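No experiment lies behind these values; they were computed from the predicted model shown. We use all heavy atoms of the structure for the numbers below, so side chains are in, but hydrogens, waters and symmetry mates are not. Counting starts at 1 for both ligands and their atoms, following the listed order. One-based numbering along the sequence shown.
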Amino acid sequence: MTAEIMAQADQVIATTYKRFPMVLLSGSGSTLYDTNGHSYTDFVAGIAVCNLGHSHAKLTEALSSQAQTLWHVSNLYYTKPQVELASWLIANSFADRIFFCNSGAEANEAAIKLSRKFFNDRGENQRSRIIAMEQSFHGRTMATLSATGQEKIKKGFAPILEGFDFVPFNDAEALRAQIGPQHCAVLIEPIQGEGGVRCPESDYLKTVRRICDDNGTLLIFDEIQTGMGRTGKLFAYEHYGVEPDIMTLAKALANGLPIGAMLAKERVASAFGPGAHASTFGGTPIVTAAALQVCKTLAAENIIDQGRKTGEYFREKLLDLKIRHPAIVDVRGLGLLLGMKLNFNGETLVTRCMRKGFLINCIQENVLRFIPPLTIKKEEIDALIDCLDELFAECQSSIKKD
Ligand SMILES: *Cc1c(COP(=O)(O)O)cnc(C)c1O
């Protein structure tokens with residue numbers, strides 16, 4: 001069956017993904033099972049999506065119950081799950097209003113549109129450009145890839161949309177030099193995820209906030225990867241004592257059902273009046289009921305604190321590995337968004353880990369990224385560390401032989 005599914009996929013699925021030769025069948029907690037009966041501890045979690053792991057009983061229950069009640073109605077009408085989810089997010093963030101959509105890219109599209117509309121409404125149409133960061137990632141739609149600071153994402157898709165300027169991440173002076181009355185917003189990930197798990201230096205985000213305020217420019221945090229407890233707080237901005245004007249969420253918000261959200265302060269949100277923006281599926285009852293249960297479960301089971309402690313433990317273990325293996329040049333990240341930079345291409349390690357029953361991920365060619373469910377257990381981390389320890393030792397001896 002496995003070979004058949006893979007062969008058929010090669011015939012019928014767009015070839016945009018290089019997939020590992022495995023067919024996943026089911027999951028429970030931090031473990032995934034393939035069609036050959038192998039199990040894997042999941043340090044990818046759908047790319048920081050399944051923060052509560054797979055087949056969480058409370059989520060399954062909430063989803064089944066909503067599935068028997070109401071799947072979808074148009075946003076021409078009110079529904080309870082949508083309102084409850086928005087209220088929970090507002091009670092737990094800087095924001096006053098929320099626009100729901102279906103993905104991270106769409107949430108960023110909404111943020112881009114809102115920041116332009118905000119100034120347009122005040123007659124400041126010249127304030128339309130957005131400053132984004134080099135090595136950032138904001139999505140694959142035309143506007144969000146244009147806002148992404150990585151050439152490989154844009155290659156082949158010219159004409160790239162106008163209106164985006166780039167400065168290096170962690171360089172406040174470069175931002176200060178670039179920003180002007182033509183800029184409606186600065187768009188930034190508090191921690192760059194796809195760019196290689198790159199953290200802000202102390203006070204950098206505070207300085208970015210001050211520069212925005214000095215210039216009357218809005219600040220947008222893309223927390224699509226860092227949000228919903230990933231970094232040890234509900235939102236990463238809480239670590240840095242800075243609040244944005246607009247924030248985007250997606251990935252972990254519904255633990256795997258498609259959802260995106262754009263959150264904003266009232267002052268800014270009010271620029272989105274009736275007809276200004278819309279989405280057919282955005283905030284649909286079936287998805288928002290699941291997301292609401294995600295939020296409630298994070299809070300009721302104290303999962304974010306648990307994840308932060310587990311993240312600290314994991315980080316220590318990775319730092320131990322770094323002491324033993326000179327091929328590891330850096331260990332970084334916060335909470336359970338961790339990266340380990342190598343002095344060689346990490347793809348082979350990903351494949352070798354997979355053969356030993358661990359799913360990990362490699363970005364920017366030489367950064368191993370670890371983004372397991374926040375409910376991952378210490379023993380599961382220990383097992384991965386033992387596996388990596390062995391693999392690095394093997395690499396070392398094979399390098400010495402050459
Ligand atoms: C994944 C991601 C996106 C894009 O989200 P999609 O749901 O794939 O459109 C945008 N920004 C960041 C920081 C991300 O990690």
Side-chain angles (χ1 to χ4, degrees), residues 14 16-17 44-51 99-115 130-150 152-154 157 161 164 166 169-170 185-200 205 208 219-231 234-237 239-240 244 246-263 279 281-284 287 290-291 294 332-339 361-364 367 369-372:
T16 49
Y17 303 101
V44 178
I47 317 223
V49 167
C50 307
N51 282 8
F99 176 83
F100 287 113
C101 49
N102 313 290
S103 69
E106 275 185 53
N108 283 334
E109 289 272 348
I112 292 165
K113 285 179 72 173
L114 179 65
S115 44
I130 291 171
I131 298 187
M133 302 296 137
E134 289 170 10
Q135 280 192 266
S136 59
F137 181 76
H138 298 296
R140 302 287 196 148
T141 60
M142 277 314 300
T144 57
L145 77 81
S146 300
T148 291
Q150 301 185 52
K152 66 177 184 201
I153 306 284
K154 307 184 190 198
F157 299 113
L161 295 193
F164 298 94
F166 293 89
F169 184 69
N170 263 332
V186 170
L187 170 60
I188 185 168
E189 300 155 85
I191 298 173
Q192 290 191 328
E194 301 306 304
V197 189
R198 296 168 75 222
C199 292
L205 292 175
V208 169
L219 177 59
I220 307 169
F221 280 165
D222 177 342
E223 292 235 23
I224 289 164
Q225 188 155 152
T226 54
M228 302 316 291
R230 176 52 53 190
T231 68
L234 182 58
F235 304 115
Y237 73 75
H239 291 286
Y240 303 106
I246 301 174
M247 174 171 75
T248 51
L249 298 176
K251 292 202 161 84
L253 183 49
N255 210 64
L257 294 192
I259 188 170
M262 183 206 58
L263 296 77
S279 165
F281 293 124
T284 193
V287 174
V294 168
R332 58 212 192 192
L334 202 54
L336 281 166
L337 174 54
L338 294 170
N361 168 241
C362 179
I363 45 179
Q364 305 294 333
V367 180
R369 179 172 51 175
F370 308 100
I371 37 177

Non-neighbouring partners of Thr226 that pass side-chain hydrogen bond (donor to acceptor under 3.5 Å, both in side chains), sequence neighbours left out: Glu223

Where on [X] is there a heavy atom closer than 4.0 Å to ligand 1, on the side chain, on the backbone, on both, or on neither?
{"X": "His138", "value": "backbone"}
{"X": "Lys251", "value": "side chain"}
{"X": "Ser103", "value": "both"}
{"X": "Asn108", "value": "side chain"}

Protein contact to [atom] [nearest heavy atom, distance to 0.1 Å]:
{"atom": "atom 9 (O) of ligand 1", "answer": "Ala105 N, 2.8 Å"}
{"atom": "atom 11 (N) of ligand 1", "answer": "Asp222 OD2, 2.8 Å"}
{"atom": "atom 7 (O) of ligand 1", "answer": "Gly104 N, 2.8 Å"}

[X] and [Y]: which non-hydrogen atoms are nearest, and at how many Å?
{"X": "Gly339", "Y": "Val367", "value": "CA-CG1, 4.1 Å"}
{"X": "Ala110", "Y": "Phe99", "value": "CB-CD2, 4.2 Å"}
{"X": "Ala45", "Y": "Ile371", "value": "CB-O, 3.3 Å"}

Sidechain-backbone polar pair: Gln192 side chain, Glu134 backbone, donor-acceptor under 3.5 Å: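 A pair under 3.5 Å: yes.
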
Any side-chain heavy-atom pair of Ile188 and Ser136 under 4.5 Å: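 Of all side-chain heavy-atom pairs linking Ser136 with Ile188, none is under 4.5 Å.
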
Which of the ligand 1 atoms, numbered from 1, are nearer than 4.0 Å to a heavy atom of Glu189: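 Counting from 1, the qualifying ligand atoms are 13 (C).
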
Those atoms of ligand 1 less than 4.0 Å from some heavy atom in Gln225: 15 (O)

Salt bridge (charged side-chain N to carboxylate O under 4.0 Å, His left out) partners of residues 189-198, not counting sequence neighbours, each pair once: Glu194-Arg369

Close N or O approach (Phe137, ligand 1; < 3.5 Å):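 For ligand 1, there is an N or O atom that lies under 3.5 Å from one belonging to Phe137.
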
Crowding at CZ, Phe166 (>12 non-hydrogen neighbours, <6.0 Å): yes

Sub-4.0 Å protein heavy atom near atom 5 (O) of ligand 1: yes

